[in-house]
Enquirer: 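Could you have a look at this structure, given as structure tokens, before my questions?
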Amino acid sequence: MSFAKASVRDAEVKGRRVLVRVDFNVPLADGEVADDTRIRAALPTIELLRERGAALILMSHLGRPQGERDPALSMAPVAKRLGEILGIEVKLAAGVIEGDVDLTCGALGPGDVLLLENVRFEPGETKNDPHLAESLAQLADVYVNDAFGAAHRAHASTAGVADHLPAYAGLLLEREVTELTKVVESPRRPLVVVLGGAKVSDKVGVIDRFLEVADRILIGGAMCFGFFKAQGIETGNSLVEGVELAKEALERAEGSDCELLLPVDLVLGREFSAETERKEGEGVEVPEGWMGLDIGPRTAEAYAQAVAEAGTVLWNGPMGAFELEPFAAGTRAVAEAVAQAPGTTVVGGGDSVAALNRFGLEDEVDWVSTGGGASLELLEGKKLPGVEALLDAEEETVNA
Ligand code: ADP
Ligand code: MG
């Protein structure tokens, strides 16, 4: 199996203007970039293009400005941060379309980098408006999509624009798709999938897929309460979601070769707070007036063991409210097991990655995915519009 789309490595870019969709949707604090992980993730593609003599026009969305100019969501802090990292001046265009861009654009030489203003200031962006797509395309000779985190959206800057220019995959997007596809299509076995977190409804689709391809699914986080409720177990004030879907998953698991593991003990609190009264439950019943906020020590040990025995581990979603120190132990145990696992390890999901960083383990994992929603949709087996829109790889590159 190999990546089926044309790579930026094979694009003719010398002396040409290259429009690159990146995912610079970074957290801001006091008008500065608070975490530049996503900017750094795009550097390999940016550096490759600069080395090859392209003039770069970068574009991204930032937050949800709803098609209107919102000064608080300007890309200015991003331009500043990227300039610091690259050690060059990164110019910021006033907008994304012709009138706002062309003057600055005309002066752009090989190796120069221009960042367009927030593409979601344009109402046509999220509607994939063909006129917006066309005017974006007029800015450049070649299009590269490196915004894996936005590839599950069919927007003007991720999909529409690719109809008008030779369109290539960036290095990050290519690597993300390759690593995640490998997990579902050709994993070293056993494939152990650890699922947790709070966005349960977004993740039940992925359980269906993994019941078909994984050897074991370990459920933690708030996700387990939909399952417990479905089994008629008392859940107290725990966050319960997706009961019907959990019921269906339990039925499907019965007839499958995949083992679905649920917690055998829990850590309980009165409320979602670090100061709350805390107790370790005997089993998984949550009494009235309590909520389950972490997997218990026996569960953590069993899950760590399963991770250690895996040929491939995919982890998405923390095992508990790890932001609160009294409820972080389960997530820490799983994170450490993933870090030490001899198998191939892949971690996705914004909060799971934040947990890894918090425990200082991000370098101990084989692949840390930058795209939450996009990675789940890809793992589910859905086509990503931002990938589909790109040129297919030519025969010789596939065979290379
Ligand atoms: P990711 O970003 O890794 O995909 P999610 O966004 O789905 O993960 O969920 C992360 C959130 O889940 C964290 O803020 C964590 O506090 C919360 N969480 C985990 N377990 C529980 C629980 N038992 N009860 C309430 N919230 C939980
Ligand atoms: Mg999250």
Side-chain angles (χ1 to χ4, degrees), residues 25-27 35 37-38 148-149 152 176 180 193-207 210 218-229 233-243 245-246 262-274 276 278-281 284-287 290-296 299-300 303 313-335 338 345-359 361-362 365 367-380:
N25 183 26
V26 293
D35 179 341
T37 308
R38 285 188 166 163
F148 178 71
H152 57 316
E176 287 271 16
L180 294 168
V193 178
V194 188
L195 288 177
K199 278 188 253 159
V200 178
S201 321
D202 289 357
K203 297 187 185 182
V204 273
V206 101
I207 298 187
F210 281 120
L218 319 179
I219 304 280
M223 182 169 269
C224 65
F225 299 109
F227 286 87
F228 289 146
K229 192 101 192 175
I233 295 170
E234 199 53 59
T235 54
N237 296 336
S238 304
L239 186 61
V240 181
E241 220 190 290
V243 180
L245 294 156
L262 292 168
V264 294
D265 59 346
L266 296 171
V267 181
L268 313 180
R270 292 276 182 191
E271 54 188 56
F272 193 98
S273 148
T276 190
R278 172 189 188 276
K279 71 172 180 185
E280 285 179 12
V284 292
E285 297 250 329
V286 183
W290 292 87
M291 59 202 296
L293 289 172
D294 194 10
I295 56 173
T299 307
Y303 285 11
V313 185
L314 174 77
W315 175 32
N316 178 295
M319 296 291 97
F322 73 97
E323 309 92 322
L324 314 174
E325 192 48 42
F327 305 101
T331 303
R332 185 181 283 116
V334 165
V338 171
T345 51
V346 178
V347 178
D351 292 285
S352 315
V353 175
L356 266 188
N357 291 338
R358 184 187 162 126
F359 305 137
L361 298 170
E362 66 276 15
V365 169
W367 184 246
V368 176
S369 179
T370 54
S375 67
L376 286 173
E377 291 199 15
L378 187 74
L379 291 166
E380 263 180 67

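What you see is a predicted model; the values in this text were computed from it and never measured. We count ligands from 1, going down the list as the structure has it; atoms in each ligand are counted the same way.
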Enquirer: Any atoms of ligand 1 less than 4.0 Å from a non-hydrogen atom of Gly349? List them with their elements.
Expert: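 Listed by number with element, the hits are 1 (P), 2 (O), 3 (O), 4 (O).
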Enquirer: Which of the N/O/S atoms in Asp351 sits closest to the Mg ion (ligand 2)?
Expert: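 For Asp351, the N/O/S atom sitting closest to the Mg ion (ligand 2) is OD2.
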Enquirer: As an exercise, state the distance from CG of Leu268 to CZ of Phe327, rounded to the nearest 0.5 Å.
Expert: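 Reported value, rounded in 0.5 Å steps: 8.0 Å.
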Enquirer: Just to be sure I'm reading this right: ignoring hydrogens, which of Gly373, Ser352, Ala222 gets closest to atom 3 (O) of ligand 1? Compare them by their nearest heavy atoms.
Expert: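 Nearest heavy atom to atom 3 (O) of ligand 1 lies in Ser352.
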Enquirer: Counting each atom of ligand 1 from 1 as listed, which ones have a heavy atom of Gly350 under 4.0 Å away?
Expert: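 Those qualifying, in numeric order: 1 (P), 2 (O), 3 (O).
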Enquirer: Output the distance between atom CZ (Phe225) and atom CG (Leu239), rounded to the nearest 0.5 Å.
Expert: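 Atom-to-atom, Phe225:CZ and Leu239:CG are 8.5 Å apart.
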Enquirer: Nearest 0.5 Å please: distance from the OG1 atom of Thr235 over to the CZ atom of Phe228.
Expert: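 Spacing of OG1 (Thr235) from CZ (Phe228) equals 10.0 Å.
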Enquirer: Side chain or backbone of Asn316 under 4.0 Å from ligand 1, or both, or neither, by non-hydrogen atoms?
Expert: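 Near ligand 1, Asn316 shows its side chain, while the N, CA, C and O stay back.
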Enquirer: To the nearest 0.5 Å, how far apart are NZ in Lys229 and SG in Cys224?
Expert: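 Atom-to-atom, Lys229:NZ and Cys224:SG are 12.5 Å apart.
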Enquirer: For atom 24 (N) of ligand 1, tell me which residue out of Ala328, Gly197, Gly292 has the closest non-hydrogen atom.
Expert: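 Nearest option to atom 24 (N) of ligand 1, by heavy atoms: Gly292.
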Enquirer: Roughly how far, to the nearest 0.5 Å, is the CD1 atom of Ile207 from the CG atom of Leu379?
Expert: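 The CD1 atom of Ile207 is 12.5 Å from CG of Leu379, to the nearest 0.5 Å.
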Enquirer: Per the side-chain contact (heavy atoms from CB on, under 4.5 Å) rule, which among Ile233, Val240, Leu266, Asn237 passes with Val286?
Expert: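 Per the side-chain contact (heavy atoms from CB on, under 4.5 Å) rule, the option paired with Val286 is Leu266, out of Ile233, Val240, Leu266, Asn237.
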Enquirer: Considering only heavy atoms of Lys203, which atoms of ligand 1 have at least one such atom less than 4.0 Å away?
Expert: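 Per the distance check, 1 (P), 4 (O), 5 (P), 7 (O), 8 (O).
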Enquirer: Could you tell me whether the side chain of Arg38 and the main chain of Val26 form a donor-acceptor pair under 3.5 Å?
Expert: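 Pair absent, no side-chain N/O of Arg38 close to backbone of Val26.
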Enquirer: Can you sort out which atoms of ligand 1 are near Pro318, meaning under 4.0 Å from one of its heavy atoms?
Expert: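 Near Pro318, the atoms of ligand 1 are 3 (O), 8 (O), 10 (C).
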Enquirer: For atom 26 (N) of ligand 1, what's the nearest protein heavy-atom neighbour? Residue, atom name and distance, please.
Expert: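 Protein heavy atom with the smallest distance to atom 26 (N) of ligand 1: Phe272 CE1, 3.8 Å.
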Enquirer: Is there a donor-acceptor pair closer than 3.5 Å between any side-chain N or O of Thr345 and the backbone N or O of Val365?
Expert: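 Not confirmed, Thr345 side chain does not pair with Val365 backbone.
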Enquirer: Could you identify the single nearest non-hydrogen protein atom to atom 6 (O) of ligand 1 and state the distance to 0.1 Å?
Expert: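 Heavy-atom neighbour on the protein nearest atom 6 (O) of ligand 1: Asp351 OD2, 3.0 Å.
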Enquirer: As an exercise, identify every atom of ligand 1 less than 4.0 angstrom from a heavy atom of Phe225.
Expert: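 Under 4.0 Å from Phe225, ligand 1 has these atoms: 23 (N).
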Enquirer: Select the closest option to atom 19 (C) of ligand 1 among Ser201, Ala198, Gly320, Ser375, judged by heavy-atom distance.
Expert: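 Comparing heavy atoms across Ser201, Ala198, Gly320, Ser375, the nearest one to atom 19 (C) of ligand 1 lies in Gly320.
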Enquirer: Identify the protein heavy atom lying closest to atom 14 (O) of ligand 1, giving its residue, its atom name and the separation to 0.1 Å.
Expert: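 Heavy-atom neighbour on the protein nearest atom 14 (O) of ligand 1: Glu323 OE2, 2.4 Å.
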Enquirer: Stepwise, does the side chain to side chain donor-acceptor pair (under 3.5 Å) test hold for Ser369 with Glu176?
Expert: CA-CA 7 Å; Ser369 179; Glu176 287 271 16; 2.7 Å; yes
